[in-house]
Amino acid sequence: LNHACEPSASISFTLRTLSVRAARHIEAGGVVEHCYGPQRGESSRETRREALRSHYFFECECHICKMGDQDPVEVLLSAIRCPNQPCASPVGIPGCAIEADRAGPTRLKKL
């Protein structure tokens, strides 16, 4: 299976059997692509590319990575990420994940 940061298929194992399922329509003769690491929307382009370099020894050149800063998902995610690095929690969650980890467990109030 080829790699893409926005895959066309997912894989799963049942004992020694590998199952490949289409995540979207794949044209006859089209390429079946699986994501070897973090997917688009889960991590930034640079984080995804670094993971692939360090684990699989290649530079990702999938169509999503080729978009670079023009990828609308990257633009949206960078606009709503917490500015505290390396938190990257979505803005709008009360408190940043780094600050929440430092504070320890918290209790939610009943409404």
Side-chain angles (χ1 to χ4, degrees):
L1 294 172
N2 290 333
H3 165 80
C5 289
E6 188 174 63
S8 61
S10 64
I11 65 167
S12 63
F13 287 92
T14 305
L15 301 176
R16 297 177 67 191
T17 302
L18 169 68
S19 297
V20 179
R21 297 200 172 171
R24 62 176 186 263
H25 178 75
I26 303 170
E27 294 288 333
V31 178
V32 178
E33 299 167 317
H34 170 67
C35 186
Y36 298 170
Q39 293 184 22
R40 175 189 193 200
E42 292 177 357
S43 299
S44 70
R45 176 176 170 252
E46 284 311 309
T47 300
R48 293 190 317 264
R49 292 178 115 194
E50 178 56 35
L52 293 168
R53 273 192 298 272
S54 65
H55 290 89
Y56 298 101
F57 310 105
F58 75 93
E59 187 73 28
C60 183
E61 292 296 331
C62 73
H63 71 283
I64 296 299
C65 283
K66 285 182 180 177
M67 276 196 271
D69 295 337
Q70 302 304 310
D71 177 5
V73 172
E74 287 284 324
V75 171
L76 177 63
L77 288 176
S78 65
I80 62 172
R81 259 189 214 124
C82 176
N84 294 328
Q85 293 299 322
C87 176
S89 290
V91 171
I93 293 177
C96 128
I98 292 173
E99 292 168 9
D101 284 347
R102 288 182 192 141
T106 58
R107 301 217 183 264
L108 297 176
K109 293 180 184 177
K110 266 190 174 179
L111 297 177

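Below, all heavy atoms of this structure are taken into account, side chains as well, without hydrogens, waters or symmetry copies.
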Do [X] and [Y] come within less than 4.5 Å of each other through their side chains, counting heavy atoms only?
X     : Y     : value
Arg49 : Glu61 : yes
His63 : Glu6  : yes
Cys65 : Arg48 : yes

Measuring from [X]:[atom1] to [Y]:[atom2], what's the distance to the nearest 0.5 Å?
X     : Y     : atom1 : atom2 : value
Glu27 : Ser8  : CD    : OG    : 11.5 Å
Ile11 : Cys35 : CD1   : SG    : 10.5 Å
Arg45 : Glu50 : CZ    : CD    : 13.0 Å

(request) Please identify each residue that fulfils side chain to side chain donor-acceptor pair (under 3.5 Å) with Glu33, with sequence neighbours left out. (result)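 Counting only residues at least two positions away or on another chain, Glu33 forms no side chain to side chain donor-acceptor pair (under 3.5 Å).
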(request) Please report the shortest heavy-atom distance between Pro7 and Ala23, naming the atom on each side. (result)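 For Pro7 and Ala23, the tightest heavy-atom pair comes out as O-CB, 4.2 Å.
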(request) Taking all non-hydrogen atoms of both residues into account, name the closest pair between Val32 and Leu1 and its distance. (result)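 Nearest pair, atom of Val32 first, then Leu1: CG1-CD2, 3.5 Å.
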(message) Looking at Arg21, I'd like to know if its CZ atom is crowded, meaning that more than 12 non-hydrogen atoms belonging to other residues, nucleotides or ligands lie closer than 6.0 Å.
(response)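 Atom CZ in Arg21 is not crowded, with 12 or fewer foreign heavy atoms closer than 6.0 Å.
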(request) Using the six-membered ring wherever Trp is involved, compare the ring planes of Tyr36 and Phe58 and label them parallel, tilted or perpendicular (cut-offs 30° and 60°). (result)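 Perpendicular, since the angle between the ring planes exceeds 60°.
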(message) Under a plain distance cut-off of 3.5 Å, with no hydrogens placed, do Thr14 and Thr17 share a side-chain donor-acceptor pair?
(response)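 No, Thr14 and Thr17 have no side-chain donor paired with an acceptor closer than 3.5 Å.
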